[in-house]
Amino acid sequence: MEFIKLDMSATVPFLSAGAVEKLEEKALAARMALEDGTCKGNDFIGWLHLPTSISAEFIAEINETAKVLRENCDTIVVAGIGGSYLGARAVIEALGNSFAWLANKGENPNILFAGNNISEDYLAEMTTYLKGQKFGVINISKSGTTTETALAFRLLKKQCEEQRGKDMARKVIVAITDAKRGAARTTADKEGYKSFVIPDNVGGRFSVLTPVGLLPIACAGFDIAELVRGAQDMEKVTAHDVPFAENIAAQYAAVRNALYQSGKKIEILANYQPKLHSMNEWWKQLYGESEGKGGKGIFPAAVDLTTDLHSMGQWIQDGERTIFETVISVENAEHELLFPHDEENLDGLNFLEGKRVDEVNKMAELGTRLAHIDGGVPNIRIIMPRLNAYYVGQLIYFFEVGCGISGQLIDVNPFDQPGVEDYKRNMFALLEKPGYEEETKAIKARLNG
Ligand SMILES: O=P(O)(O)OC[C@H]1O[C@H](O)[C@H](O)[C@@H](O)[C@@H]1O
């Protein structure tokens, strides 16, 4: 069994002696507080033992539902936002062929995402596209009341029923929501949709290994059992009784906090595989919503490399020295492509002849790492043997438990997100939502000076 590895050696020159060691005990105590449920936000730590609690029967049930959708749909729209969206997208893109949506030979349905914005153009273009499609919908919302998702679902439900008939719509619409509360639950029960429950004690951003992520991923044709197996194995090697020297989640939490305390306020997650772009986005929510509160928190930023070396590279190399970089480094490519010989050598690239493209990518990665270190950017490496379901499962759980520990080191409740309500309150007041009369009056007075 191989595991993803953590290399923190390139943070050492930037930290005072013993800075990480000083946090070692605290990180292990934080890991223990997750285990015994004494941490802040302890009503939301259901994700901690989630991987090992997933049974083969449960995976079979999800695969069975995915089969119904796959057999009856050429397109599946996943409606959701934040934690009800980012994980599924991250995994589907990480494991998929970059051009599957263009070259689709009908083996797998196309997966589209909606309910993650309120753009009229986006929704209009999507509903127009769907007119020619045999589509189904997975409606995902923990609260069941999120405006962006509810708005998209209302449109999609109506279109699906009109296009495919009520009976078929009932077959190809699935809800993933709270067991009892929220409009998504009420609709699912009334219409008789197949539904899955998001456990109460699992917050949205920690929910990718529940049906929230697993069903869309299975619909896309990927092996969720392997994904879960990876997470299960990572659960074991980041457990509360694994010593610091072997516990990469505790190490990651400790080193990023040591860097934060030394003035590095921004963590840039970097990848050298465009397929990991949405994994960056998932990670940003996980760490941003967990840690950014009470005037504190490492700002999670992300880049795709080498792409962004040609846009953000200058800043990273030479801008304000308040950043550190965490690189997801994939050791082995899934394909083999060699540089061909060119008789004329007009581009001067014959010196690369016969080399794998991945070898050039690796040299770009190493060269960048050294340049950034020289430029004053501490570097953490997360090394993945390859980009497959098993290691993606490991990566997800590693980041989750790292986050649960790290938020405690920053001394916040990592499992709430009170700040997210403020924009919603203003939006509802501006839209004159019933029940918001006082807020509407106040916001209008404010805008009218
Ligand atoms: O799943 P839902 O209840 O629809 O929530 C979707 C998302 O929106 C909220 O505003 C929260 O900030 C997120 O943590 C959550 O993942």
Side-chain angles (χ1 to χ4, degrees), residues 30-31 33-35 37-54 58 62 78 80-91 94 116 140-144 146 149 176-179 196-217 224 227-228 230-236 238-240 248-250 252-253 256 269 278-293 297-298 300 392-410 412-420:
R31 178 64 188 83
L34 291 172
E35 194 64 27
T38 53
C39 60
K40 285 183 189 162
N42 55 7
D43 41 351
F44 282 102
I45 46 179
W47 54 271
L48 188 66
H49 292 300
L50 181 68
T52 48
S53 75
I54 298 174
F58 189 60
I62 291 179
V78 178
I81 195 167
S84 292
Y85 147 68
L86 290 162
R89 184 168 204 162
V91 176
N116 55 63
I140 309 178
S141 177
K142 177 152 196 228
S143 62
T146 301
T149 307
I176 304 174
T177 187
D178 187 82
F196 290 94
V197 170
I198 307 173
D200 267 346
N201 60 358
V202 179
R205 58 187 175 274
F206 288 86
S207 70
V208 55
L209 297 170
T210 73
V212 168
L214 296 180
L215 181 63
I217 295 163
I224 55 170
L227 185 80
V228 168
Q232 287 171 339
D233 286 347
M234 186 53 69
E235 185 184 322
K236 288 174 201 140
T238 55
H240 64 285
I248 59 171
Y252 177 53
R256 64 198 294 282
L269 187 70
S278 288
M279 191 61 77
N280 286 354
E281 299 303 306
W282 171 80
W283 172 88
K284 272 161 45 180
Q285 185 200 6
L286 183 64
Y287 280 79
E289 256 191 0
S290 298
E291 296 188 332
K293 50 199 72 158
I298 300 169
V392 167
Q394 283 196 11
L395 184 73
I396 285 171
Y397 189 81
F398 159 75
F399 274 140
E400 287 182 351
V401 73
C403 183
I405 298 171
S406 183
Q408 293 183 66
L409 297 185
I410 289 179
V412 296
N413 172 357
F415 307 117
D416 66 1
Q417 55 284 330
V420 182

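In what follows, residues are counted from 1 in the order of the sequence shown. Values below: all heavy atoms of this structure, side chains included; hydrogens, waters and symmetry mates excluded.
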Taking the side chain as every heavy atom from C-beta outward, state whether Lys40 and Val412 have any pair of such atoms under 4.5 Å apart.
no

Test your reading of the model: is there a side-chain donor-acceptor pair from Gln285 to the backbone of Gly83, 3.5 Å cut-off?
yes

Heavy-atom distance under 4.5 Å between the side chains of Arg205 and Lys284, does that happen here?
no

Please find the pair of heavy atoms, one from Ser278 and one from Ala90, that lie closest to each other, and give the distance.
O-CB, 3.5 Å

Leu409 vs Glu291 side-chain heavy atoms within contact, under 4.5 Å:
no

Of all the heavy-atom pairs spanning Trp283 and Pro300, show the shortest one and how long it is.
CZ3-CB, 3.5 Å

Contact check, side chains of Ser207 and Ile140, non-hydrogen atoms, under 4.5 Å:
no

Looking at every non-hydrogen atom in both residues, tell me the closest pair between Ala94 and Val392 and how far apart they are.
CB-CG2, 4.4 Å

How far apart are the C-alpha atoms of Met234 and Ile248, what are their side-chain angles, what is the distance that settles it, and do they pass the side-chain contact (heavy atoms from CB on, under 4.5 Å) test?
CA-CA 10 Å; Met234 186 53 69; Ile248 59 171; 4.0 Å; yes

Looking at every non-hydrogen atom in both residues, tell me the closest pair between Ser141 and Thr149 and how far apart they are.
CB-CG2, 4.5 Å

Gln408 side chain to Gly404 main-chain N or O, any donor-acceptor pair under 3.5 Å?
yes

Rounded to the nearest 0.5 Å, how far apart are CG of Leu34 and CD of Glu400?
11.5 Å

Candidates Phe44, Phe399, Phe415 - the one meeting ring-ring contact (aromatic ring centres under 6.0 Å, His included) with Phe206:
Phe415

If you round to the nearest 0.5 Å, how far is CG of Asn116 from CD of Glu281?
11.0 Å

When rounded to the nearest 0.5 angstrom, what distance separates CG in Asn413 from CG in Asn42?
8.5 Å

For a 4.5 angstrom cut-off between non-hydrogen side-chain atoms, does Asn201 reach Asp43?
no

Using the six-membered ring wherever Trp is involved, compare the ring planes of Phe196 and Phe58 and label them parallel, tilted or perpendicular (cut-offs 30° and 60°).
perpendicular

Interatomic spacing from CD1 in Ile45 to CG in Leu50 - rounded to 0.5 Å
12.5 Å

